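Some notes on the structure that comes next.
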Amino acid sequence: QVQFVESGGGLVQPGGSLRLSCAVPGFSLDYYAIGWFRQAPGKEREGVSCIGYSDGSTYYSDSVKGRFTISRDNAKNTVYLQMNSLKPEDTADYYCAADLEYSRCVGRPRTARYSYWGQGTQVTVSS
């Protein structure tokens, strides 16, 4: 089963930073745009960022713009989400997934178009 493995989550104080990573063991991410999503308790899963395969296209939701940076290392088949200036409202489970329709980022990631969901990594921002 093709499934992302996310890592890097944890407990951090407000204003702190975390770097999330995701990859799919044994599966190439070539030609896929990759999105990061998050789901807070009791809320729907929302797309927060995406990155195209090789064209440099990116997207950030308004809630994370200027604080989060998405990147990918295609040689390592890995996608990253650098999260700075974290806020308590960033607390959620974070997931990445592959866009099955586009290799470039075409705006806010929509869960219906993405696949290969992993188990996620938990991020808790609290003092």
Side-chain angles (χ1 to χ4, degrees):
Q1 183 179 0
V2 178
Q3 191 174 48
F4 274 91
V5 177
E6 299 92 347
S7 61
L11 172 64
V12 63
Q13 293 187 342
S17 298
L18 285 173
R19 189 195 195 202
L20 308 184
S21 303
C22 72
V24 182
F27 183 82
S28 173
L29 297 181
D30 287 356
Y31 308 113
Y32 290 100
I34 304 298
W36 277 100
F37 298 76
R38 68 185 182 187
Q39 187 167 17
K43 295 188 177 181
E44 291 188 356
R45 191 169 297 186
E46 63 169 345
V48 296
S49 184
C50 66
I51 186 167
Y53 168 59
S54 62
D55 68 339
S57 58
T58 58
Y59 166 88
Y60 299 95
S61 67
D62 288 344
S63 60
V64 307
K65 194 176 298 180
R67 300 187 297 121
F68 290 11
T69 302
I70 193 170
S71 61
R72 66 190 294 168
D73 184 333
N74 289 334
K76 294 183 177 180
N77 214 35
T78 302
V79 178
Y80 306 96
L81 187 68
Q82 177 67 43
M83 306 188 299
N84 298 329
S85 303
L86 283 162
K87 305 175 181 180
E89 51 263 44
D90 295 318
T91 295
D93 292 326
Y94 283 73
Y95 304 84
C96 59
D99 189 333
L100 298 186
E101 295 186 24
Y102 297 98
S103 61
R104 57 186 175 85
C105 192
V106 293
R108 183 167 196 145
R110 305 291 181 183
T111 56
R113 206 173 66 234
Y114 281 70
S115 187
Y116 309 140
W117 299 96
Q119 298 300 309
T121 185
Q122 188 174 57
V123 172
T124 303
V125 184
S126 175
S127 55

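No hydrogens, no waters, no symmetry mates; every other heavy atom, side chains included, goes into these values. Since we're looking at a predicted model, the values are computed, not measured.
Proximity of Ile70 to Tyr60: side-chain heavy atoms (C-beta onward) are separated by under 4.5 Å at one or more points. Side-chain contact between Arg38 and Ser63: present, with at least one pair of heavy atoms (C-beta onward) separated by less than 4.5 Å. You'll find the side chain of Cys22 stays beyond 4.5 Å of the side chain of Tyr94, heavy atoms only. When side chains are defined from C-beta on, Glu6 does not count as touching Leu20, because their heavy atoms never get closer than 4.5 Å. Contact check for Arg113 versus Val106: side-chain heavy atoms found under the 4.5 Å cut-off.
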What pairs of donor and acceptor atoms, side-chain ones from residues 116-127 against any protein atom, are under 3.5 angstrom apart with sequence neighbours left out?
residue	atom	partner	partner atom	Å
Trp117	NE1	Tyr114	O	3.3
Thr121	OG1	Gly9	N	3.0

Q: Could you please spell out the steps behind the side chain to side chain contact (heavy atoms under 4.5 Å, CB included) verdict for Phe37 and Asp93?
A: CA-CA 8 Å; Phe37 298 76; Asp93 292 326; over 6 Å; no
Q: Could you walk me through whether Val64 and Met83 pass the side chain to side chain contact (heavy atoms under 4.5 Å, CB included) test, one step at a time?
A: CA-CA 8 Å; Val64 307; Met83 306 188 299; over 6 Å; no
Q: Apply side chain to side chain contact (heavy atoms under 4.5 Å, CB included) to Phe68 and Leu86, showing your working.
A: CA-CA 9 Å; Phe68 290 11; Leu86 283 162; 3.8 Å; yes
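Remark: Tyr32 OH to Ser103 OG distance equals 11.0 Å, nearest 0.5 Å. Taking CD1 of Ile34 as the start and CG of Leu81 as the end, the distance is 13.0 Å to the nearest 0.5 Å. To the nearest 0.5 Å, atom CG of residue Leu11 and atom CG of residue Leu18 are 9.0 Å apart.
Both Trp36 and Val12 belong to a single network of hydrophobic side chains, linked directly or stepwise wherever heavy atoms of I, L, V, M, F, W or Y lie under 4.5 Å apart. By the criterion of side-chain heavy atoms lying less than 4.5 angstrom apart, applied directly or through intervening Ile, Leu, Val, Met, Phe, Trp or Tyr residues, Phe27 is grouped together with Ile51 in one hydrophobic cluster.
Between the side chain of Arg108 and the backbone N or O of Ser61, no donor-acceptor pair lies under 3.5 Å. The closest donor-acceptor contact from the side chain of Asn77 to the backbone of Leu29 lies under 3.5 Å.
A pairwise comparison of heavy atoms in Cys96 and Phe4 identifies SG-CD2, 3.2 Å as the closest pair. Considering all non-hydrogen atoms of both residues, Ser49 and Pro109 come closest at O-CG, 3.4 Å. Here the closest non-hydrogen pair linking Lys43 and Gln39 is O-NE2, 3.1 Å. Closest of all the heavy-atom pairs between Ala33 and Cys105 is CB-N, 4.3 Å. What you find for Val79 and Arg72 is that their closest heavy atoms are CG2-CB, 3.9 Å. Between Gln82 and Asn84, the shortest heavy-atom distance links the atoms NE2-OD1, 2.9 Å.
Enclosure of atom CZ in Arg104 is not indicated, since only 12 or fewer non-hydrogen atoms of other residues, nucleotides or ligands lie within 6.0 angstrom. Other residues, nucleotides and ligands contribute at most 12 non-hydrogen atoms within 6.0 Å of the CD atom of Glu44.
The cationic group of Arg19 lies under 6.0 Å from the six-membered ring centre of Tyr80 and within 45° of the ring axis, placing it in a cation-pi geometry.
Between Tyr31 and Tyr53, the gap from one ring centroid to the other is short of 6.0 Å.
Salt-bridge formation is not detected for the pair Lys87/Asp90: no Lys NZ or Arg NE/NH1/NH2 atom is positioned less than 4.0 Å from an Asp or Glu carboxylate oxygen.
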